[in-house]
J.: 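Dumping the structure here so I can ask a few things about it.
Hydrogens, waters and symmetry mates are skipped; everything else that's a heavy atom, side chains included, is used.
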Amino acid sequence: MAVSLVSPAAAQPVRKSDYAIGAETCGSGDLAFPRLQIDMKQGFCAGLVASEEDHLRFPRSIVQIPGRELFVVADMAGWGHMDGKLLLLDPRAAAGSRFKELLTGLEYPFGLAIGPDKKLYASTAETIFRFDPLADNPRGTVETIIRRLPGVRITLPDGTKLQESAHPMKQFVFDRNGRLFVNVGSHSDDCITPAPITKPCAAAEGASALASIWLFTPPAGGIFPALKPNDPNPPHEVYARGLRNSMALALHPNFPDPGYAFLQGENGRDLPDVFKPNEEINAIEPGKHYGWPYCYDLTTPSPEFRIVLQSGVYKNLCTANPLYKQPFSLLPPHGAPLGMLYYHGGKFPELEGKLLVGLHGYRPTGSRLLIYDVDERGFPKPSPPSVRYHVSCDAQTSRSFQTDAGEAAAAPFDELIAGWHRVNGARPQGAPVGMTVAEDGAIWLVEDKNKTVIRIDRAAGDPPVPLPCDTRSPALIDQLALFVARDAQNRDRLTSIRKGIVEKHCMGCHSDFGLKPGQSDADKDQAALRFMLAQDGWIYPGDPESGRLRTRLRGIGAEKLMPPGGENLPKTEPGYKGLLDVADTLVAKMVPGTRMRIKPGPPDRDFFSRTNKKCGEIPASKVVVVTQRNAVDRPGFSRFYRPADTFLNGDCTDDDGYYIRQEFLVPVQ
């Protein structure tokens, strides 16, 4: 008989890493784990092997020890430089005692691989080494094969010294000849320096270029020797350039035979537009340049490097330069591919030989696991436009691949995990990083932000009904509507928007916005406002630039301008452009308080509940409404109004409030 994991007293499910755990399991025998409520392809399920309760802090990769039912997990532990660990995972052990520390005090451990000698190899920010995870003293077996790679603290080719490089993690792969390909990520998002930029990006130049894949070739016999203290590194060459951060690398088993695939998943630059730029799958060839920081999407030049692209080696790089190789296929924008592999295993014959790509990105285009059909050489199969991809929790649930030049060709894909958006009280937003295929054919993956190890197995029967997207509660809509009703200026703004935009241009397309005959003007205003507040992602109080109401009315980004033909309204209808500004002002001033911006710096800032529960991460530059600059119940913190839903994680509540450290806030200019 199944035993319920629900506490009768609290009537609440057990929670692990913010996943609500019930009585259902995924897998069988000793490998049956609590089934997660994530929306998967029929015939598959996901089981939670380990969570933050097992003291995982920031797991980034996983690999099985050959011939053993044991795994090694690289836990980076965050961004504290020397806090990383390599852990031995025994999934058949009792819950709570599945991990054993192997190596500690590591700087950003990330890459894990089984080498041509069947030994286990791992990487830190500056080294690649092998060791025996089953030895009584694993540290005593460490043999470094490469050291002094560009890490966190680097000197650029022009002599500039940096104390904090943006992408120090070293993913790596071996080909079947024992050659080693290493990701040497870029030092920054875009290499932009103060304008005007007249010279190429110094960090990406020379024989030790960043934003590159380096190739190390072993001596005869195909095995790298262990380095003694004074030994030099084995020689390397820059195999390919212009790759901002190659965390997802996959080699076809027949590579390097001519014509077989070497694929890279590119994490592109971070433009503020949710749908720009696209991420990429690149077909890596020696000596080619893949665009960073000069080009994005397919042929779009980065405007900051206009002068550099007018002459010299990078003249017309994005459009008419044989040095440049365009992406083989586009990936969903801001998807952040951090894991990629070809599936080979007996458990899922329907996946045999296919390419799996994990998307880690927190925007509505990320948090999923993709399946690509490939040809006999391992390449995905591009199709002409229009090729569509899924967008979580959006009124327009799918979107065609777009660049500045219009719709673009891309390889279509299926989704092994499709619904992994946050559902408060049921699951956090998915954050997949590394993955591996076990010897029994199961797929294992790790999530860094949620601190989990997950195993994917067979599932019988129909899949569960997908969980809905979170929407604002009626109580929260009531509260926001009351804020507007109490402010005379906002009442006037709402009336102007309702009369000048909603009633003139939007009626009929959106269920008439709740407007009915016989309503008073005040009732009409409230109906229109409540309708807009109930739509997922339309309005984020205090931050008009984040809401789809603004982007659709102004035609910003790849979404269609609304209403149809709206591009002519500012010219043909006096005052229309002013109404768009009024809408922005209404959203900006909807909640009483002080609008403040998340301070520039690290890409995300943690925020918390009153009881110090971590509620999520807000990207730098986002705007929140601060209701208590000096929070009375949390010294050193400011209380702010509910953030954009895409950044809220776990089971925090509006009543409990949201808090962020005061030093992370700066005034809105």
J.: Determine, step by step, whether Ser186 and Arg269 satisfy the side-chain contact (heavy atoms from CB on, under 4.5 Å) criterion, reporting the C-alpha distance in whole Å, the side-chain angles of both residues, the deciding distance to 0.1 Å, and the verdict.
T.: CA-CA 11 Å; Ser186 64; Arg269 64 179 295 187; over 6 Å; no
J.: Applying the side-chain contact (heavy atoms from CB on, under 4.5 Å) test to Phe44, which of Ile417, Leu351, Leu369 qualifies?
T.: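 Only one option passes, and that is Leu351.
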J.: Could you tell me whether Glu350 and Lys41 make a salt bridge, using a distance below 4.0 angstrom between a side-chain N and a carboxylate O?
T.: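 The answer is no: the pair does not qualify as a salt bridge.
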J.: When you compare the side chain of Arg399 with that of Thr365, does any pair of heavy atoms fall below 4.5 Å?
T.: no
J.: Does any donor atom in the side chain of Thr124 or Glu126 lie under 3.5 Å from an acceptor atom in the other side chain?
T.: no
J.: So, are Asp373 and Lys354 salt-bridged, with charged N and O less than 4.0 Å apart?
T.: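 Judged by the 4.0 Å cut-off on N to carboxylate O distance, Asp373 and Lys354 do form a salt bridge.
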J.: Would you mind checking if Arg363 and Asp270 are paired as a salt bridge, meaning a charged N to carboxylate O distance below 4.0 Å?
T.: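 Salt bridge flag = no for Arg363 with Asp270.
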J.: Under a 4.0 Å N-O cut-off, is there an ion pair linking Lys100 with Asp90?
T.: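 Salt bridge absent between Lys100 and Asp90.
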J.: Among residues two or more places apart or on two chains, list those pairs meeting side-chain hydrogen bond (donor to acceptor under 3.5 Å, both in side chains) that have a residue in residues 221-243.
T.: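 Passing the test, one end in residues 221-243: no pairs.
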J.: Would Arg455 and Phe33 count as a cation-pi pair here, with the cationic atom under 6.0 angstrom from the ring centre and within 45° of the axis?
T.: no
J.: Taking all non-hydrogen atoms of both residues into account, name the closest pair between Arg68 and Glu439 and its distance.
T.: N-OE1, 4.4 Å
J.: List the atom pairs, donor and acceptor, that lie under 3.5 Å between side-chain atoms in residues 207-225 and the rest of the protein, sequence neighbours left out.
T.:
residue, atom, partner, partner atom, Å
Ser212, OG, Ala209, O, 3.4
Ser212, OG, Leu210, O, 3.0
Trp214, NE1, Ala209, O, 2.9

J.: I'd like to know if Lys347 pairs up with Asp457 as an ion pair, taking the criterion as any Lys NZ or Arg NE/NH1/NH2 lying under 4.0 Å from an Asp or Glu carboxylate oxygen.
T.: yes
J.: With a 4.5 Å cut-off on side-chain heavy atoms, are Leu338 and Asn267 touching?
T.: yes
J.: Side chains of Pro133 and Ile65: closer than 4.5 Å at any heavy-atom pair?
T.: yes
J.: Determine whether the aromatic ring centres of Phe174 and Tyr121 lie less than 6.0 Å apart.
T.: yes
J.: Could you tell me if the side chain of Trp292 sits less than 4.5 Å from the side chain of Cys191, heavy atoms only?
T.: yes
J.: Does a donor on one side chain and an acceptor on the other come within less than 3.5 Å for Arg368 and Ser392?
T.: yes
J.: I'd like to know if Asp75 pairs up with Lys85 as an ion pair, taking the criterion as any Lys NZ or Arg NE/NH1/NH2 lying under 4.0 Å from an Asp or Glu carboxylate oxygen.
T.: no
J.: Can a donor-acceptor pair be found between the side chains of Glu447 and Thr452 at a distance below 3.5 Å?
T.: yes
J.: Do the ring centers of Phe181 and Phe262 come within less than 6.0 Å of each other?
T.: yes
J.: Evaluate the side-chain proximity of Phe110 to Met247: yes if any heavy-atom separation is below 4.5 Å, no if none is.
T.: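 Yes, side chains in contact.
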J.: Would you please say whether a donor-acceptor pair under 3.5 Å links the side chains of His344 and Glu352?
T.: yes
J.: Can Glu280 and Arg244 be counted as an ion pair, charged N to O under 4.0 angstrom?
T.: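 Result for this pair is no, no salt bridge flagged.
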J.: Are Tyr290 and Gln264 close enough that some pair of their side-chain heavy atoms sits under 4.5 Å apart?
T.: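 Not touching, per the 4.5 Å side-chain cut-off.
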J.: Between the side chains of Asn316 and Asn321, is a donor N or O closer than 3.5 angstrom to an acceptor N or O?
T.: no
